[in-house]
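All remarks here apply to the structure that follows.
The analysis underlying the following values was restricted to heavy atoms, covering all of them including side chains, and did not include hydrogens, waters or symmetry mates. In this chain, residues are counted from 1 in sequence order.
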Amino acid sequence: QVQLVESGGGQVQPGASLKLSCTPLGRTFSIQYMAWFRQAPGKEREFVSAITSNGQNTFYADSVKGRFTISRDNAENTVDLQMNGLKPEDTATYYCAADLSPYYSRNRKSYDYWGQGTQVTVSS
């Protein structure tokens, strides 16, 4: 079993920055990919970014490329999502996810474990 604990989030103005962190607990050695998804009210959960277990490969949705950065902090045992240049359309609940499959996917159905979600609101 794997548990994912998220932190960060909040309410900021357009153009501001936020950092989300996800701490995986339990059988973390089985995780192949870690990812962030987001879900806005009335919309489906969508892929934001992913990173391989060794941190060498990263992936981004076109909507966040160049603004968001995913990384692994081995000292803190976290997977972080640094979000810069936030826009109102980034407003959503953000979820950390873990995939045990060795095959990269942007499909939420591929991910085996999920965090509880953290709210990000971008508003003036």
Next on the checklist: With no hydrogens and no angle check, just 3.5 Å: does a side-chain donor-acceptor pair link Thr93 and Gln119?
Outcome noted: yes
Next on the checklist: Grouping I, L, V, M, F, W and Y whenever their side-chain heavy atoms are under 4.5 Å apart, do Val64 and Phe47 come out in a common cluster?
Outcome noted: no
Next on the checklist: Is there a side-chain contact between Thr121 and Val12 in this structure, where contact means two heavy atoms from C-beta onward sitting under 4.5 Å apart?
Outcome noted: no
Item to check | From CA spacing to verdict: side chain to side chain contact (heavy atoms under 4.5 Å, CB included), Leu18, Val120 | outcome: CA-CA 9 Å; Leu18 276 177; Val120 172; 4.0 Å; yes
Checklist entry - Looking at CD of Gln56 and OG1 of Thr58, how far apart are the two atoms once the value is rounded to the nearest 0.5 Å? => result 11.0 Å
Item to check | Worked check of side chain to side chain contact (heavy atoms under 4.5 Å, CB included) between Asn77 and Thr23 | outcome: CA-CA 6 Å; Asn77 188 35; Thr23 302; 4.2 Å; yes
Next on the checklist: If you compare all heavy atoms of Ala98 against all heavy atoms of Leu4, which two are closest, and at what distance to 0.1 Å?
Outcome noted: N-CD1, 3.7 Å
Checklist entry - Tell me the disulfide bond (SG atoms under 2.5 Å apart) pairs involving residues 64-115, sequence neighbours left out? => result Cys22-Cys96
Item to check | Any Glu46 side-chain heavy atom under 4.5 Å of Gln39 side chain | outcome: no
Checklist outcome for this item: Ser124 meets the side chain to side chain contact (heavy atoms under 4.5 Å, CB included) criterion, sequence neighbours left out, with Pro14
Item to check | Residues which pass side chain to side chain contact (heavy atoms under 4.5 Å, CB included) with Lys65, listed by chain and number, not counting sequence neighbours | outcome: Tyr60, Asp62
Checklist outcome for this item: CD of Gln1 to OG of Ser30, rounded to nearest 0.5 Å, is 9.5 Å
Item to check | pair Leu20-Glu6: side-chain heavy atoms closer than 4.5 Å | outcome: no
Item to check | Gap separating the CZ atom of Phe29 from the CD1 atom of Ile31, nearest 0.5 angstrom | outcome: 10.0 Å
Next on the checklist: Considering only residues two or more places apart or on different chains, which pairs with a residue in residues 92-121 satisfy salt bridge (Lys or Arg N to Asp or Glu O under 4.0 Å)?
Outcome noted: none
Next on the checklist: Test of understanding: clusters of I, L, V, M, F, W, Y form through side-chain heavy atoms closer than 4.5 Å, transitively. Do Trp36 and Leu100 belong to the same one?
Outcome noted: yes
Next on the checklist: Rounded to the nearest 0.5 Å, what separates atom CD in Gln32 from atom OG in Ser110?
Outcome noted: 11.0 Å
Item to check | Sequence neighbours excluded, every pair satisfying ring-ring contact (aromatic ring centres under 6.0 Å, His included) that has a member inside residues 93-113 | outcome: Tyr33-Tyr104, Phe37-Tyr111, Phe59-Tyr104
Distance-only donor-acceptor pairs under 3.5 Å for side chains of residues 78-92, two or more places apart:
unit_1	atom_1	unit_2	atom_2	d
Thr78	OG1	Asp80	OD1	3.1
Asp80	OD1	Ser21	OG	2.8
Gln82	NE2	Asn84	OD1	3.0
Asn84	OD1	Ser17	OG	2.9
Asp90	OD1	Arg38	NH1	2.9
Asp90	OD1	Arg67	NH2	3.0
Asp90	OD2	Arg67	NH1	2.7
Asp90	OD2	Arg67	NH2	3.4
Asp90	OD2	Lys87	N	2.8
Thr91	OG1	Pro88	O	2.9
Thr91	OG1	Val122	N	2.9
Thr91	OG1	Val122	O	3.4

